[in-house]
Amino acid sequence: MFDSVRDSVRATLEEIEQAGLHKPERVIGTPQSATVEVTSGGRPGEVLNFCANNYLGLADNPEIIAAAHEALDRWGYGMASVRFICGTQEVHKELEARISSFLGQEDTILYSSCFDANGGVFETILGAEDAVISDALNHASIIDGIRLSKARRFRYANRDMADLEQQLKEATQGGARRKLIVTDGVFSMDGYVAPLDEICDLAERYDAMVMVDDSHAVGFVGPGGRGTPELHGVMDRVDIITGTLGKALGGASGGYVAARAEIVALLRQRSRPYLFSNTLAPVIAAASLKVLDLLESAGDLRERLNANTALFRSRMTEEGFDILPGDHAIAPVMIGDAAEAGRMAELLLERGVYVIGFSYPVVPQGQARIRVQLSAAHSTEDVNRAVDAFVDARAALRG
């Protein structure tokens, strides 16, 4: 039966390749760290890793690994069930309580990923008589989650508060019963931070709820690493926070919704990704508890990450690269052309620096880039080597 569609699928793949949009997978043969060993899909051998979400360098932390080993012995490998049947252990409830406390929310519900968390919120709490107002550059999981709901959809230009207010007015005039503003805390392709204080001001003016996906912030943004609500002083004004355990918080997998108690209670009863997906593996839950322990004294890691970020951004600017402004550890180096971005990434890998070129549909047409991500695991020498490799690769690209 597939024979009838094989040719068209192959043609699509060829179009992707010819447009320079193919996304190869490079295989690494080591744990995630500041350096990794590439075994296939590029230059073999050890390279500096500047493309992981391992912001605090915890993915190979010995204390977290030890906690995971202990959890395997105590709790087993997996739950083989969903939460409401027989898939809840004490370790899951403990992690939910710890996340709630850390983020200053009333309750938390765990998911197998943040993609699932975002996929389970909107359909559950919003109906056809409600409205959701979403930032234009929100993560794909938010976009897909909104599509699953019957709520009226409004979109505002990225971080544009005048446009957000206009959309709120339209939603209000349209008779929306509930209004929910949703934004990324940090926009993953640009490293821009949402103005949550201004968003909360508008939400209160128009009687709307606020939801933040803080996946690229929790653990290292804000004085205590509690994310963009802490950074902007609005922890008590945000109604829903979604996030991941797969980035700064150890880099494994899993997601969560931390929110008002009534919202979490409703999600436990009606959220389809929660009700119909296997429980988060207990080893991840237990290791995540150790991560939260470490975050209580992770000020040195956050300081090192900030120093690495500032060094990379300043040196790249001095060398004449077009790097989007900001102070987040996501540092996009703008290239423009998709094929050129891909070639640049290949040249950097040849020079011992592992980065990825991002192009359409991940970013808009004509805005291809190399998204560099700094880590507390990088040394000052690592950062300087990366900048030197960029300079050398640019010269080779220009021929």
Side-chain angles (χ1 to χ4, degrees), residues 100 103-111 114-185 194-215 227-229 232 234-243 255-276:
S100 301
L103 297 180
Q105 289 291 332
E106 295 174 358
D107 201 358
T108 295
I109 177 173
L110 296 173
Y111 287 81
C114 187
F115 207 108
D116 274 349
N118 286 334
V121 170
F122 304 99
E123 182 183 26
T124 303
I125 67 173
L126 300 177
E129 63 272 47
D130 302 321
V132 57
I133 305 97
S134 177
D135 190 289
L137 294 187
N138 276 340
H139 191 267
S141 59
I142 293 176
I143 295 170
D144 286 358
I146 290 172
R147 286 172 177 163
L148 293 171
S149 78
K150 296 180 180 179
R152 291 186 62 197
R153 303 162 195 175
F154 298 82
R155 188 173 71 165
Y156 64 97
N158 181 234
R159 301 175 300 140
D160 187 329
M161 295 300 96
D163 194 14
L164 172 57
E165 183 166 20
Q166 180 59 38
Q167 303 309 315
L168 284 165
K169 287 179 179 177
E170 292 186 19
T172 301
Q173 292 166 359
R177 178 190 62 164
R178 299 172 183 164
K179 296 183 286 290
L180 174 65
I181 303 169
V182 57
T183 181
D184 281 1
L196 286 186
D197 49 350
E198 298 177 58
I199 290 173
C200 288
D201 288 345
L202 286 172
E204 290 172 3
R205 192 178 308 165
Y206 289 92
D207 192 26
M209 297 181 291
V210 176
M211 171 179 164
V212 180
D213 178 339
D214 226 19
S215 293
T228 55
H232 291 289
V234 295
M235 289 179 66
D236 59 338
R237 301 169 69 191
V238 173
D239 301 289
I240 304 170
I241 299 172
T242 63
Y256 56 84
V257 176
R260 310 296 185 186
E262 295 82 0
I263 290 174
V264 172
L266 185 58
L267 291 173
R268 292 192 193 281
Q269 300 303 313
R270 296 279 181 83
S271 179
R272 291 169 68 85
Y274 175 81
L275 292 171
F276 296 100

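Only heavy atoms go into these numbers, but all of them, side chains included; no hydrogens, no water, no symmetry mates.
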>> Within the 3.5 Å criterion, strictly below it, is a donor on Tyr206 or Glu165 matched to an acceptor on the partner's side chain?
In response: yes

>> For the backbone of Gly119 and the side chain of Asp116, can you confirm whether one donor and one acceptor N or O come within less than 3.5 Å of each other?
In response: no

>> Measuring only between side-chain heavy atoms, which start at C-beta, is Asn138 closer than 4.5 Å to Asp135?
In response: yes

>> Closer than 3.5 angstrom, by distance alone: can the side chain of Glu198 be matched with the main-chain N or O of Arg159 as a donor-acceptor pair?
In response: no

> Does the pair Val182 and Ile133 meet the rule for a side chain to side chain contact (heavy atoms under 4.5 Å, CB included), with working shown?
Replying inline: CA-CA 6 Å; Val182 57; Ile133 305 97; over 6 Å; no

>> Side chains of Lys150 and Leu126, heavy atoms from C-beta outward: is any pair under 4.5 Å?
In response: no

> Looking only at heavy atoms, what is the nearest atom pair of His232 and Asp197, with distance?
Replying inline: ND1-OD1, 3.8 Å

> Between Asp239 and Val210, is there a donor-acceptor pair closer than 3.5 Å when you use the side chain of the first and the backbone of the second?
Replying inline: yes

> Do Tyr256 and Ile109 have side-chain heavy atoms sitting under 4.5 Å apart?
Replying inline: no

> Would you say the side chain of Ile181 lies within less than 4.5 Å of the side chain of Leu164, judging by non-hydrogen atoms?
Replying inline: yes

>> Distance check, rounded to the nearest 0.5 Å: Ser134 atom OG versus Ile146 atom CD1?
In response: 4.0 Å

>> So Leu267 and Tyr111, do their side chains get closer than 4.5 Å, heavy atoms only?
In response: yes

